[in-house]
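Chain identifiers are assigned alphabetically (A, B, ...) following the order of the sequence lines, protein sequences preceding nucleic acid strands; residue numbering begins at 1 within each chain.
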Number of protein chains: 2
Amino acid sequence: MSKKKISLKDIAQQAGVSTALVSYVLNGKEKESRVGHEIALKIKKIAKELNYQPNHLAKSLRSGKTYTIGLIIADLSNPFFANIARIVEDEARHNGYTVIIGSSDENAEKSWDLLNVLLNRQVEGFIIVSSENAENQIYYLKEKNIPFVLLDRHFSEIQTDFVTINNFKASYDAGIHLLQRGYRNIGMIAYKSQLFHMKERIRGYLYALKDSNVHFHKNWLKEVRFNYIEKEVKAAIDSMLASDLPVDAIIFATYGLAINGLKYINELHLKVPTDLGIVSFGQAEGFDLYYCPITYLKQPIEDLGKTAVELLVKKLKNPEQGMQQVLMEAKLIVRESSKAKHEL
Amino acid sequence: MSKKKISLKDIAQQAGVSTALVSYVLNGKEKESRVGHEIALKIKKIAKELNYQPNHLAKSLRSGKTYTIGLIIADLSNPFFANIARIVEDEARHNGYTVIIGSSDENAEKSWDLLNVLLNRQVEGFIIVSSENAENQIYYLKEKNIPFVLLDRHFSEIQTDFVTINNFKASYDAGIHLLQRGYRNIGMIAYKSQLFHMKERIRGYLYALKDSNVHFHKNWLKEVRFNYIEKEVKAAIDSMLASDLPVDAIIFATYGLAINGLKYINELHLKVPTDLGIVSFGQAEGFDLYYCPITYLKQPIEDLGKTAVELLVKKLKNPEQGMQQVLMEAKLIVRESSKAKHEL
DNA sequence: AATATAGGTTTAATCGTTTAAACAAAAAAT
DNA sequence: ATTTTTTGTTTAAACGATTAAACCTATATT
């Protein structure tokens with residue numbers, strides 16, 4: 001049934017010429033290589049007839065270029081990242097690259113695994129949404145001079161190419177927004193993480209309070225562990241509310257935290273925004289479904305993904321390309337959950 | 001900085017032997033090939049020292065096996081599919097396979113593109129969450145004898161391997177559930193689609209009514225177009241409610257439909273489940289966030305993904321492997337949105 | 001007429017592996 | 001002391017493509 005794969009040789013045989021000619025013609029080098037017009041036509045015809053599909057492996061082996069990039073995603077089950085993956089794959093393909101995606105599931109060890117599998121596969125470069133404790137992997141890539149671009153998350157202490165949003169500003173904006181709307185005791189729930197973007201989100205929050213002369217109460221900031229998210233978010237909220245200076249608004253540093261937090265807020269029969277104002281990072285349909293649409297920081301997903309590909313491709317085409325770092329703005333989408341206090 | 005890649009040849013040189021020996025040793029064939037014990041150790045040591053990483057391209061070219069499978073996903077931005085992708089990638093890697101993922105975005109043409117790119121890349125087989133109108137692609141693969149497994153969606157008129165849930169039964173269960181809870185005028189919003197799983201969901205719904213001797217009112221079933229989902233879902237709901245036999249419950253045939261529908265139901269200030277009982281296919285955090293947790297059909301995501309890989313790998317290892325078709329059960333997770341009428 | 005140039009095609013090396021087959025030397029069997 | 005067997009190693013072809021170089025032949029230039 002399935003006839004064997006057609007190779008250059010098969011075409012050459014049918015046409016009664018050497019494989020060299022076939023290669024020249026099929027790669028559009030008939031001019032430079034002065035292939036006879038007749039024979040060129042014949043070769044093309046036969047190639048079409050046999051439905052010739054070049055073997056990418058052979059091409060790559062010979063040329064040293066695989067036109068493949070590795071995409072390591074911290075958590076593919078997160079819709080934000082899944083969307084990024086979709087964009088990256090699409091954009092890369094339009095640039096002639098194929099993407100191999102792996103989800104590290106926020107686990108540095110798995111990330112190493114993936115990195116090695118992909119390197120074995122001769123990927124030319126990486127786009128990485130890094131997980132925590134993966135610094136060594138980044139250093140490794142740097143040392144080996146393997147091109148890569150960090151996406152969404154980067155490390156302040158390692159000089160690399162990256163594309164992220166300005167997390168400090170985004171968080172700062174969120175804080176200022178709530179303050180302007182009349183909220184005073186603003187809490188933040190973030191992940192306990194060494195990752196720079198998370199620290200920036202916290203820093204932005206703190207500066208918003210500071211710049212507004214609101215005295216920060218240490219009980220307002222909660223850092224929960226990824227692996228205990230459900231339990232610890234609950235505890236965080238309990239604690240924030242039980243304090244002598246209970247919060248009247250919460251900023252969630254990620255979409256996942258918000259989901260957990262809002263669920264618990266429902267359980268407690270607290271009303272948003274009457275009892276608690278809410279702003280969250282990330283976006284997802286879930287926020288639209290909440291009885292009170294959530295104010296959130298919208299990240300330019302498409303732009304982030306496309307730019308990451310663009311930078312990487314630029315670097316692959318030109319190894320001399322200098323460091324490229326892009327910061328984008330997140331946009332605060334204001335909705336019901338942060339309604340002005342005086343309107344409540 | 002980055003020293004050139006280490007090849008078998010380099011190791012052979014250092015050890016003062018031929019590449020053949022190195023290959024034997026590094027592939028654990030020292031026994032069969034009677035390699036000297038001493039030299040074997042030496043080779044291993046050098047390989048480790050130089051941190052030798054085999055070139056997968058060369059291996060594949062020579063052996064004809066790429067240990068790569070293509071995963072074509074109808075819509076990677078859908079969390080359900082993103083999760084499937086994550087599972088498939090993980091499971092495949094544990095079986096020694098690498099996955100190249102592409103999102104067809106419910107577009108048959110893009111799906112063709114992907115298919116060809118992946119075939120060029122010499123993938124050994126496919127796992128496909130098919131989009132509509134992709135029958136020709138399936139026939140193509142069959143004709144070419146290229147192994148593949150359809151996942152989540154399959155075509156009733158094409159004999160293929162597949163792994164899906166029993167959509168008829170799931171939908172039937174949802175219908176019966178609502179009827180038992182006292183709802184009488186049950187509507188369904190589905191996609192207008194030739195895809196078998198969608199037809200099955202509709203069929204299950206209709207049979208649930210029939211078997212319960214509830215007369216089906218043609219205004220209760222709405223099929224909306226994917227590309228006009230927002231507008232048409234609204235129109236569907238309006239129409240269902242305006243009818244002389246207005247619905248008191250709705251089954252959404254997919255997660256995406258539910259999101260849109262629930263948003264609109266909020267806009268209309270209708271209360272779930274008092275005004276409208278709800279059951280939906282699919283799962284996502286969004287459902288938990290709704291003021292009234294949504295009753296939904298939970299699909300065994302992990303099982304689906306793993307089984308698809310399993311079937312494909314089995315087929316790759318043994319081309320004689322006969323047709324494999326697996327139907328799994330979706331589980332109805334009962335929550336507030338379908339509360340018994342008499343308890344309201 | 002001898003030489004240079006252009007036109008058209010083939011040869012052969014190469015990329016990094018694998019592996020059947022050939023080869024050589026030592027050990028065992030005659 | 002031969003022959004056979006075993007053990008250890010190398011050779012070389014193959015996978016499917018690319019491409020510099022070599023090679024013809026015919027025409028143009030001197």
Side-chain angles (χ1 to χ4, degrees), chain A residues 3-44 46-47 50-68 96 119-124, chain B residues 3-44 46-47 50-68 96 119-124:
Chain A
K3 312 104 194 172
K4 80 178 214 305
K5 283 264 171 72
I6 302 300
S7 72
L8 278 192
K9 212 165 152 189
D10 300 316
I11 300 179
Q13 234 147 34
Q14 280 236 8
V17 298
S18 71
T19 62
L21 273 199
V22 181
S23 174
Y24 289 137
V25 171
L26 265 29
N27 286 299
K29 304 215 175 126
E30 8 178 339
K31 290 280 141 55
E32 302 110 281
S33 310
R34 306 167 299 193
V35 179
H37 190 57
E38 307 275 278
I39 206 74
L41 285 179
K42 186 172 175 190
I43 287 172
K44 283 183 191 161
I46 296 180
L50 299 183
N51 184 31
Y52 169 70
Q53 301 292 131
N55 183 323
H56 215 280
L57 294 177
K59 259 187 145 90
S60 296
L61 179 58
R62 171 63 218 240
S63 68
K65 320 210 104 281
T66 58
Y67 291 102
T68 304
L119 282 172
N120 270 216
R121 296 269 171 168
Q122 316 300 123
V123 300
E124 294 185 31
Chain B
K3 313 102 194 176
K4 79 179 217 301
K5 283 264 170 73
I6 302 299
S7 73
L8 279 192
K9 214 165 155 188
D10 299 314
I11 299 179
Q13 237 147 31
Q14 281 235 7
V17 298
S18 70
T19 62
L21 272 200
V22 181
S23 174
Y24 289 138
V25 171
L26 266 29
N27 286 300
K29 304 213 175 133
E30 4 178 344
K31 291 280 142 54
E32 303 110 282
S33 310
R34 305 166 301 194
V35 181
H37 190 56
E38 307 276 277
I39 206 73
L41 285 179
K42 186 173 176 187
I43 287 171
K44 282 181 190 162
I46 296 180
L50 299 182
N51 184 29
Y52 168 70
Q53 300 291 134
N55 183 322
H56 215 280
L57 293 177
K59 256 185 145 90
S60 296
L61 180 57
R62 170 61 218 238
S63 68
K65 320 209 104 278
T66 59
Y67 291 101
T68 304
L119 281 173
N120 269 218
R121 296 269 170 166
Q122 317 298 126
V123 300
E124 294 184 32

Quiz item: Which of these passes side chain to side chain contact (heavy atoms under 4.5 Å, CB included) with B/Leu21: B/Ile43, B/Leu26, B/Leu8, B/Ile11?
Solution: B/Ile43
Under 4.0 Å between a side-chain N/O of [X] and OP1 or OP2 of [N], yes or no?
X: A/Ser7; N: D/dG16; answer: no
X: B/Tyr24; N: C/dT17; answer: no
X: A/Lys29; N: D/dT19; answer: yes

Self-check item: Euclidean distance, A/Thr68 OG1 relative to A/His56 NE2, rounded to 0.5 Å
Solution: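 A/His56 atom NE2 to A/Thr68 atom OG1 measures 6.5 Å (nearest 0.5 Å).
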Quiz prompt | Main-chain N/O of B/Thr19 paired with B/Ser23 side-chain donor or acceptor, under 3.5 Å | solution = no
In whole Å, I'd like the distance from the [atom1] atom of [X] to the [atom2] atom of [N].
X: B/Leu61; N: D/dA13; atom1: CG; atom2: P; answer: 17 Å
X: B/Asn120; N: D/dG16; atom1: CG; atom2: C1'; answer: 13 Å
X: B/Leu57; N: C/dT14; atom1: CG; atom2: P; answer: 19 Å
X: B/Lys31; N: D/dT7; atom1: NZ; atom2: P; answer: 13 Å
X: A/Arg34; N: D/dA20; atom1: CZ; atom2: P; answer: 12 Å
X: A/Asn27; N: D/dA17; atom1: CG; atom2: P; answer: 10 Å
X: A/Gln122; N: C/dT17; atom1: CD; atom2: P; answer: 8 Å

Quiz item: With sugar-phosphate meaning primed atoms plus P, OP1 and OP2, does B/Ser63 contact a base, only sugar-phosphate, or nothing at under 4.0 Å between heavy atoms?
Solution: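 Nothing: the residue B/Ser63, judged by heavy atoms under 4.0 Å, touches no strand.
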Quiz item: Which part of the nucleic acid does A/Ser33 contact within heavy-atom distance under 4.0 Å: base, sugar-phosphate only, or nothing?
Solution: base
